[in-house]
Amino acid sequence: MLANRPTTTELERPLPHNLDAERAVLGAILLDNQTLNAVVEKLKPEDFYLDQHRRMFRQMIALGEAQQAIDLVTLVNALEQAGELGTAGGAAYIAKLVDGVPRVSNVEHYARIVKEKSLLRGAIHQTHAVLQALWEECGSPEELLQRAKSNLEMLSAQIGDGA
């Protein structure tokens, strides 16, 4: 029945994320800089749900590219120089990242979890955009369906690539 259909397409739940996995990835890099290489192969800063984690990861990548150590002191300094220390959670938050990291050797598993959640968020955003276009009737039905099909194919390719 049409009466039972929702009248809004607004998201009512938080987007998929796993903050423990995000913190574990960042903490593992702080504990063992060699893990950065494995993580960078799987993740981009945009894959992190929290903006403060994205900021930290960007600075970790920059430190790694400059062949500098990545630890509490260097990361705090880099964030401070970029004017991002406060928005990245501050030195105390960064120091807590190394507490409770189950195993540095599992960093690739943690990175996979972060990536999966990122892909799910991307799928939600893509499908939400399609729904909005359909609700707003922005084009002919054929154009809208073609756009929806293109978005779903692009999403399928991203998931298949793990990108």
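A 4.5 Å side-chain heavy-atom check between Arg54 and Arg58 finds at least one atom pair inside the cut-off.
Heavy-atom minimum distance, Ala91 versus Leu85: N-CD1, 3.9 Å. The nearest pair of heavy atoms linking Ala95 to Leu72 is N-CD1, 3.8 Å. Between His17 and Pro14, the shortest heavy-atom contact is CE1-CB, 4.3 Å.
Linking Ile, Leu, Val, Met, Phe, Trp and Tyr whenever their side-chain heavy atoms come within less than 4.5 Å puts Leu15 and Leu19 in one cluster. Transitive grouping of hydrophobic side chains (ILVMFWY, heavy atoms separated by less than 4.5 Å) keeps Val114 and Leu120 in distinct clusters. Linking Ile, Leu, Val, Met, Phe, Trp and Tyr whenever their side-chain heavy atoms come within less than 4.5 Å leaves Ile113 and Val104 in two separate clusters.
Taking CD of Gln59 as the start and CG of Leu63 as the end, the distance is 6.5 Å to the nearest 0.5 Å. Annotation: the span from Leu43 atom CG to Tyr110 atom OH amounts to 14.0 Å, rounded to 0.5 Å. The distance from the OG atom of Ser118 to the CD atom of Glu22 is 9.0 Å, given to the nearest 0.5 Å. With rounding to the nearest 0.5 Å, the separation of CZ in Arg23 from NZ in Lys96 is 10.0 Å. In this structure, CG on Leu36 lies 6.5 Å from CD1 on Ile61, to the nearest 0.5 angstrom. Between atom CZ of residue Arg55 and atom CG of residue Asp51 there is a gap of 4.0 Å, rounded to the nearest 0.5 Å.
In terms of modelled atom types and a separation under 3.5 Å, the side chain of Arg121 and the main chain of Pro16 share a donor-acceptor contact. Although no hydrogens or angles enter the test, the distance criterion places a donor-acceptor pair under 3.5 Å between the side chain of Asn18 and the main chain of Ala21. Side-chain N or O atoms of Asp47 include none that pairs as donor or acceptor with a backbone N or O of Lys115 at under 3.5 Å.
Other residues, nucleotides and ligands place more than 12 heavy atoms under 6.0 Å from the CD atom of Glu46. Remark: Glu153 CD is packed, more than 12 non-hydrogen atoms of other residues, nucleotides or ligands lying under 6.0 Å away.
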Before you tell me yes or no, could you show the steps for Glu116 and Arg112 under salt bridge (Lys or Arg N to Asp or Glu O under 4.0 Å), namely the whole-Å CA-CA distance, both residues' side-chain angles and the distance that decides it to 0.1 Å? CA-CA 6 Å; Glu116 287 173 355; Arg112 188 190 84 254; 3.2 Å; yes
Check: Passes side chain to side chain contact (heavy atoms under 4.5 Å, CB included), Lys117 versus Tyr49? Steps please.
Finding: CA-CA 8 Å; Lys117 299 302 181 183; Tyr49 180 74; over 6 Å; no
In sequence, state the C-alpha distance, the side-chain angles, and the governing distance for Ile29 and Met56, and then conclude on side chain to side chain contact (heavy atoms under 4.5 Å, CB included).
CA-CA 11 Å; Ile29 295 168; Met56 280 186 250; over 6 Å; no
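In the model, Thr74 has a side-chain atom that pairs as donor or acceptor with a side-chain atom of Asp71 under 3.5 Å.
Ring orientation note: the planes of His53 and Phe48 are nearly perpendicular, at an angle over 60° on the 30°/60° scale.
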